[in-house]
Amino acid sequence: MKGLMRALGVLLLAVAGWQVLVWLTAVPHFILPAPERVARSLWANRALLAENAVATYGQILLGLALGTVLGCGTAVQLALSPLARVALRPVLVFAQAIPVFALAPILTLWLGYGPASKVVMVVLVTYFPVASALHDGLMRMPQGYDDLARVMGAGRMRRLWQLQLPLALPALGSGVRLAAVAAPFGAVIGEWVGSSRGLGYLMLLANGRAQTDLMFAALVVLAGFTVALHLAVDRLALALTRRIG
Amino acid sequence: MKGLMRALGVLLLAVAGWQVLVWLTAVPHFILPAPERVARSLWANRALLAENAVATYGQILLGLALGTVLGCGTAVQLALSPLARVALRPVLVFAQAIPVFALAPILTLWLGYGPASKVVMVVLVTYFPVASALHDGLMRMPQGYDDLARVMGAGRMRRLWQLQLPLALPALGSGVRLAAVAAPFGAVIGEWVGSSRGLGYLMLLANGRAQTDLMFAALVVLAGFTVALHLAVDRLALALTRRIG
Amino acid sequence: MKLPPPAITVEGCAWLGNAPLFGPLRLVLQAGCWTSLLGVSGAGKTTLLRVLAGLETGARFEGAITAGDGAAVGPRLAFMGQSDLLLPWADVIGNVTLGARLRGKRPDLTRARRLIAQVGLAGHSHLRPAALSGGQRQRVALARTLMEDRAIVLLDEPFSALDARTRAEMQELAGRLLQGRTVLLVTHDPLEAARLSHAAWLLHRGRLEALDLPATPPVRPVEQPGTLQAQAEMLARLRALT
Amino acid sequence: MKLPPPAITVEGCAWLGNAPLFGPLRLVLQAGCWTSLLGVSGAGKTTLLRVLAGLETGARFEGAITAGDGAAVGPRLAFMGQSDLLLPWADVIGNVTLGARLRGKRPDLTRARRLIAQVGLAGHSHLRPAALSGGQRQRVALARTLMEDRAIVLLDEPFSALDARTRAEMQELAGRLLQGRTVLLVTHDPLEAARLSHAAWLLHRGRLEALDLPATPPVRPVEQPGTLQAQAEMLARLRALT
Amino acid sequence: QDRLSLMLDWFVNPDHGPIILARELGYFEAEGLVIDLITPSDPNDPPRMVAAGRIDLAVTYQPQLHLSRHQDLPLLRVGTLISTPLTCLVVLADGPVKSLGDLRGRKVGYAVAGVQEALLGGMLASHGLRMEDVEAINIGWSISPALMSGQVDAVIGAYRNFELNQLALEGVEGRCFYPEEEGVPAYDELIYVAHSERLDHERIARFLAATERATHYIVNHPQAAWEIFAATAPELRTELNARAWVDTWPRFDTRPAAMDPGRYQRFEGFLQGQGLVTDLLSVAELAVDVNAP
Ligand SMILES: Nc1ncnc2c1ncn2[C@@H]1O[C@H](COP(=O)(O)OP(=O)(O)OP(=O)(O)O)[C@@H](O)[C@H]1O
Ligand SMILES: Nc1ncnc2c1ncn2[C@@H]1O[C@H](COP(=O)(O)OP(=O)(O)OP(=O)(O)O)[C@@H](O)[C@H]1O
Ligand SMILES: [Mg+2]
Ligand SMILES: [Mg+2]
């Protein structure tokens, strides 16, 4: 609660700083619109923004969910199979370093301009951090617990479900945290490459019509969601860590 | 060395898989060119690629260096001043969640189409992870060392330089690792928004002309650098951690 | 326990790479008795215990582990170490019944509650480990070990993280509750060995040397001069090592 | 040490929130003597020691710390805890001379080398902590403490992480090298208190109770019956606490 | 020597023939000008950079000028580079779309938001369709791949001199529907714009004179002009550019400074009809003849 209040305070400060900057530098509105202008555009275009926001938010959430599920599946698979580990572990590390954003145009050509290509884009940028983090967590199970499971005669799967996975939850939390930051980028870049709706599309449209205030309004709506997602996932990760700590 | 060999093996495997995919699906080359076609384009355009790669690599390295230095400065400043901490800490957390990429067009309008706007873009995406990670590291100095410094009568700055900073180096390492992954994105997005050189420019150019093979060639040149940067920073981070561990 | 506690014999050598760690040696755990193992840090005590437990070690072991009754050793083992290894997300009763759940069996809650009461935590069944003191957590670990009801129990410095008072209490509790089982106790504390064991060995330069103990049966009171005497002698033996 | 070691008196109360932690009590450390402080976990021993050192604690202290000679206590203190707190990136000599560097003074390397030799690490000056055993690391910490050359030394369970043999050696080394200083030793090990202290106190329910010690001066040999007797009595006192 | 910064609408391509040729042939120098050429990758940027006072001149599209003016950007058209529309709506020749009326319920891709939607709207209206009858998708710059891969049924924003050749090179035949034949008033595809309040008539007149000279050279010697153009950068000498050159040079405006007020008036009216602008700007607020006394 206190954190939220402080965050709001900082936000207000930032907006005030922005307004002052605009006054001082007399920067033309088509380069940086004043917050007051953006706020008016936000209000005037509320229906348009809401409609497009819903599309983008949905893609982000769906992609994040899918990416997380797939990432978890891969991590568990790798943890269970030493062979898969040898073969796939470097791929995971490698793939994270590849600019997946650059693949957006190809994805679009394959999957069309509908939400599918954006969701897959989000999956791509969320899958690797989740898989990698959870896998690390699973591999870092403290030796002692492993010994305990062995001496107690635990089966492979029960050991996984009752010890290895719960102990790796904080690692999963930090993976999802990274993924949640990347997910909105994935969706917006997917939309920039080709789309007929969504906040990224709206930004392009506003840009093409020289409506910088609308472009910023869309950006604000996106940033608000990103921050909210960040906070929500943070809280979740914290809860997971508490459960273990 | 062994890791490198394995990475190379995986790379070869990935390329082989890519080739097989192209054969099997008979996907048209303007959607996914075969690796062999990309290789030919790489060779044919080597001078063009090299020239543009140098520009992009330079922006990435310069931006990463600047972002790291600025981030470290901010973290140390925050560690020294409780007042700044209260005011700025939430900003750091907040700013990380904002899609800075979306600011690329404005940066370009302000800073022009030269390398400056790209470098600033890279600084923006590297500054926050570095500042945030190092600040966390500095704040997590174990109580015992703090007690020791106090009882020994250490000054504020000597305590910082001789204990707090060295102990926070592993945290800095992981911050720089995150930054190194984000930096190439920053540069490429900066170039996408407006530039007359660089790999991002080349990708757009090739894409606009349906020269998908050249686009992939540029992507390969970028990905190679990203991976190399990742490995280099990883090694650095490991060395920093070893120094402490 | 279907069979009575067996005697256990470990016989063989262990190498770290090409350097010998211990052996050839022969350690016999008398059936139903406590055997202590002392030695300087790095002597190989933990390695020997883990070899017995069939767990991975950094060393290569060549030799055999045999039970006096000829039956398999592995499934009759329980194990307790210095760290309590409780699951932070499970309450006391969940931790005590972990073994059954790991084997996919229905835990015997009545027995678990009885054991929890025996270790003195009757009212604490539904607390999480974070709400317990270090001594209480080690009691839960003991109850978990008892719950397994194994004939052979291996203890690796089980009480070394506890303070003197709690440690003395735990020694008596464990000595009482594990009575009649075949126990191997690895410890650094001569007083602990002097109080708890029927036989004590010093692992030094890869060989076993017998340590003297009072004639009275364990658990021996601290105040008893024989116990203190044995402690002092063991410490002197340890300190004389080069 | 410009002044001879002073006697120190701590007098006052400490609260955790609104709950009293200890006091009103009065702890006197005799000038140039070792005073031990025992007590169950959570009794407030560390809090009391930290109050004396002027360090932050979770508790609120009301009272006074005074030196017998009336001079300030703070700048004459050295401190050593359970963890060695060595800098992993510095070698032995770098760790021993940390204090000088933290104060921006040129370290006296000759003296540092002499102290390193005194704690038995003559050949190890240029090793990093990672290359040392637990006992050797605690020796470095002791040399670092000696290097500070303070009249008052506070020790909070300094040897509790060591094995029995190394602990006994360190007790003798520290007892010898810190002789003549005013020392407060917080410990859980009755044998340690029995060997090292001129005076020993039990902190219980916020009050101090005196513990008996042999008449012979420290450091007392383990084998000596008086030492063992004192150990057994202290343990009995600890165990009798409710 | 006076410096003049010029931002193109897009990467250098045959559309910019007169500018490149004027530079290569030394016509700018002869006019006492040094030109700083800047290429953006977002064609929306150049007018804004001029409006922000960062750049002296920008190449942009006439429809873009109208929209920018309605957002209060202080711009004026000062010259013309290509005086016919280049944009066309492209479909696959063997595809199902034989006339614009067949677009009902189909996907149409466009590259630049804002302008091209307006053209599409106008073209559809001439066949009794409304924007809601098609699915308009912003496809960025993947114009040909989008069409060839079948992800969209038609693209608008394709250039008749460019994308049709690109399709042909890939072995695909495209069909072009021309906006000026489908209900959209003819307009200048590429124009030069400058800041309306910092207009330096004299310098711009010299610039336009140099490009006019270059245009005449191109029209007189198209093949030689291509060789000069292609020699300026290795990435320009491609089969595609060679073909595009042939289709482009006849469209260069041989009177770049000349002004046709009717065009601007008509297009303003068209945009209002499309609902993209509410009020009407006068021609004087849009364009100027820098040589007018
Ligand atoms: N996983 C491992 N890989 C390599 N060497 C190991 C490994 N585990 C232990 N060692 C080495 O084997 C030797 C014996 O170790 P062990 O843990 O058995 O000693 P210990 O007697 O239990 O010591 P302590 O009293 O410190 O617990 C040591 O030198 C140790 O460094
Ligand atoms: N920072 C803190 N905040 C709140 N409570 C604290 C803090 N530090 C210690 N306490 C509480 O103060 C009490 C005394 O702690 P202290 O560390 O002094 O005990 P101790 O006698 O040293 O115990 P131990 O033998 O375990 O070291 C305990 O109940 C402890 O939980
Ligand atoms: Mg061990
Ligand atoms: Mg304490």
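Below, chains carry the letters A, B, ... as their sequence lines are ordered, and counting in each starts from 1. Worth knowing before you read on, the calculation uses all heavy atoms, side chains too, and leaves out hydrogens, waters and symmetry mates.
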Student: Out of the candidates C:E169, C:E172, C:E223, only one should pair with C:R195 under the salt bridge (charged side-chain N to carboxylate O under 4.0 Å, His left out) rule; please name it.
Tutor: C:E172

Student: When you compare the side chains of D:Q224 and D:T216, does any donor N or O come within less than 3.5 Å of an acceptor on the partner?
Tutor: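 There is such a pair (donor and acceptor under 3.5 Å, judged by atom type) between the side chains of D:Q224 and D:T216.
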
Student: With chain D, which of C:A232, C:A164, C:P225 has the greatest number of heavy-atom pairs at distances under 4.5 Å?
Tutor: C:A164

Student: Are D:E192 and D:T187 close enough that a side-chain donor and a side-chain acceptor fall under 3.5 Å?
Tutor: yes

Student: So which part of C:E233 gets closer than 4.5 Å to some heavy atom of chain D, the side chain, the backbone, both or neither?
Tutor: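 Contact with chain D: none, neither part.
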
Student: Can a donor-acceptor pair be found, under 3.5 Å and without considering hydrogens, that links the side chain of D:R165 to the backbone of C:L241?
Tutor: yes

Student: Heavy-atom distance under 4.5 Å to chain D: side chain of C:L228, backbone, both or neither?
Tutor: both

